[in-house]
Amino acid sequence: MSAIVDLVLGIVTSIGGFVEAGSISTAAQAGSEFGLQLLWAIAAATVMLALLVEMSGRLAAVSRRSLAAAVRERFGVHFQIVPLTAELLIDVLLLAAEIGGAAIAVKLLTGIGFQWWILPIGLVAWLVLWLCQFGVIEYGLGLLGLVTLAFVAAAWKLEPNVSAVGASLIPSLPTHHHTRYAFLAVSILGATVSPYLLNFYASGSIEEKLNESELWVNRTTAYVGMCFGGVVSMGALVTSAAVLQPRHIVVDSYEQAALMFVPAFGRWAVTLFAASLGIGCFGAAVELALNAGYTFAQVFGWSWGANKPRREAARFTAAFTIVLLASVAVGLIGFDPLRLTMLSVALTVVIMPLVVLPFLVLMNDEKYVKKHTSGVIGNAFLALLTVLGALLALVVVPLELLGG
């Protein structure tokens, strides 16, 4: 019975972990600039994420090790220095963007500048991490994240052309702004397949004591839950395409993105958008900070766990506190949260091979997963997508940043 409860909660709350600043901003911009054309990118990224999440849960259930701990044991701590540093820098930027997104949401509701809300939101996030155990953090924030189903409701009410939606799941070339199209496709991949999610999911599986006999729970949660979240992200793109593109509104800020809800929800549009953005970003911020604690503790062999009293895992607590403080400091500098988000998710794709390729090696090592190794076809598919995405990012990110 406990496994069934975990399964249902895992699937339902996956929306809360899926829809945040990166997915909302990339979907809104893609829809406003290219209509439905980039739906395929969300679908492909969602499938890739589901495969990787399932693997990370399988690794945790069978070996009782998180991704970071297994990589350290298999390849050594020196191997992790470069990817750990790169991931840390990007996570600080992304965490600052998530806090900024939550601050923009409060601004939409109050009219007070978002900079005034960054420090209070950072403090609330730290209090959640200090006071709450893993189940409350994951399931509580995840259930609140169900408000993001407003994107699906909006898309449904706008009655998009079903055949056009289906056709957009097949990749096609744009008729204009090819570099921008490629940049958004890369950004969608980075927003969806964030490396931190893999270690966070594996660590959560250990916190929840998932075992080898419950691999079916992990498999169902990964595939159904991630696809569930992907549908919400697609709802954001479809809504943006239906409302913003015909009016030639290009999303340069979250305030502009909020306009996509007006035809569907009228006077409740801003409130619903602010709630979706704020809760999604806040939940992602808490998860990012918590994963920073997980990663540092697991790489350096410290005691860790959100279910442990914080004083018994002092270095784990210090790690997520320092990363959260660094992100708040970046946010207070005054960077535009939307632009910071787009930069962070694009750079995420550049470092993805450093995270994914060692992971694929682990998933074929019987020392860690016993008889539950991954198939050759699945590994080759993920490796190919990862390397191609990174190569594309290395080309289009500089072009986009330089105004190409």
Side-chain angles (χ1 to χ4, degrees), residues 10 13-14 16-18 20 22-23 44-75 79-80 83-84 86-88 90-91 94-95 134 138 142 189-208 210 215 218-219 221-223 225-227 229-230 283-284 286-299 304 306 344-345 347-365 368-369 372 374 378-379 381-383 385-387 389-390:
T13 59
S14 63
F18 195 105
E20 35 69 57
S23 55
T46 301
V47 171
M48 187 174 176
L49 177 62
L51 291 170
L52 289 169
V53 164
E54 188 279 328
M55 289 182 183
S56 64
R58 191 183 348 144
L59 174 71
V62 177
S63 71
R64 308 307 301 160
R65 296 172 178 86
S66 67
L67 175 57
V71 170
R72 176 184 184 275
E73 182 179 298
R74 176 67 169 76
F75 298 98
F79 176 86
Q80 286 184 300
L84 180 64
E87 185 177 345
L88 173 63
I90 292 175
D91 283 353
L94 188 54
L95 179 51
F134 181 82
E138 176 68 356
L189 177 62
T192 305
V193 193
S194 293
Y196 90 86
L197 283 172
L198 307 183
N199 194 65
F200 179 82
Y201 186 86
S203 301
S205 298
I206 295 172
E207 296 261 33
E208 294 294 291
L210 186 73
L215 286 177
N218 168 64
R219 191 177 305 114
T221 301
Y223 293 141
M226 294 305 107
C227 290
V286 171
E287 289 185 358
L288 272 161
L290 179 58
N291 184 66
Y294 284 151
T295 302
F296 273 101
Q298 291 157 4
V299 167
W304 63 274
S344 302
V345 298
L347 292 177
T348 295
V349 185
V350 177
I351 70 163
M352 202 173 292
L354 298 176
V355 177
V356 174
L357 297 181
F359 181 32
L360 295 183
V361 173
L362 289 172
M363 296 310 299
N364 290 276
D365 190 335
Y368 294 94
V369 290
H372 306 288
S374 297
N379 286 331
F381 173 73
L382 283 172
L385 281 180
T386 301
V387 173

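FYI, the numbering just counts along the sequence from 1.
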When you measure from the side chain of [X] to the backbone of [Y], do you find a donor-acceptor pair of N or O atoms at a distance under 3.5 Å?
| X | Y | answer |
| --- | --- | --- |
| R72 | V299 | yes |
| E20 | G22 | yes |
| S194 | L197 | no |
| N364 | L360 | yes |
| T295 | A292 | no |
| E207 | A306 | yes |

Roughly how far, to the nearest 0.5 Å, is the [atom2] atom of [Y] from the [atom1] atom of [X]?
| X | Y | atom1 | atom2 | result |
| --- | --- | --- | --- | --- |
| M226 | L49 | CE | CG | 5.5 Å |
| Q80 | Q298 | CD | CD | 9.5 Å |
| R74 | D365 | CZ | CG | 5.5 Å |

Is there a donor in the side chain of S63 and an acceptor in the side chain of R58, or the other way round, less than 3.5 Å apart? no
Any side-chain donor paired with an acceptor under 3.5 Å for E287 and Y201? no
Contact between [X] and [Y] at the side-chain level, heavy atoms closer than 4.5 Å - yes or no?
| X | Y | value |
| --- | --- | --- |
| V71 | L67 | yes |
| E208 | F134 | yes |
| I90 | Y196 | no |
| L354 | E87 | no |
| M352 | M48 | yes |
| I206 | S66 | yes |
| Y223 | V53 | no |
| F79 | P358 | yes |

T46 to G230 - nearest heavy-atom pair and separation: OG1-CA, 3.7 Å
Using the six-membered ring wherever Trp is involved, compare the ring planes of Y294 and W304 and label them parallel, tilted or perpendicular (cut-offs 30° and 60°). perpendicular
Derivation of the side-chain contact (heavy atoms from CB on, under 4.5 Å) call for L198 and F359: CA-CA 10 Å; L198 307 183; F359 181 32; 4.3 Å; yes
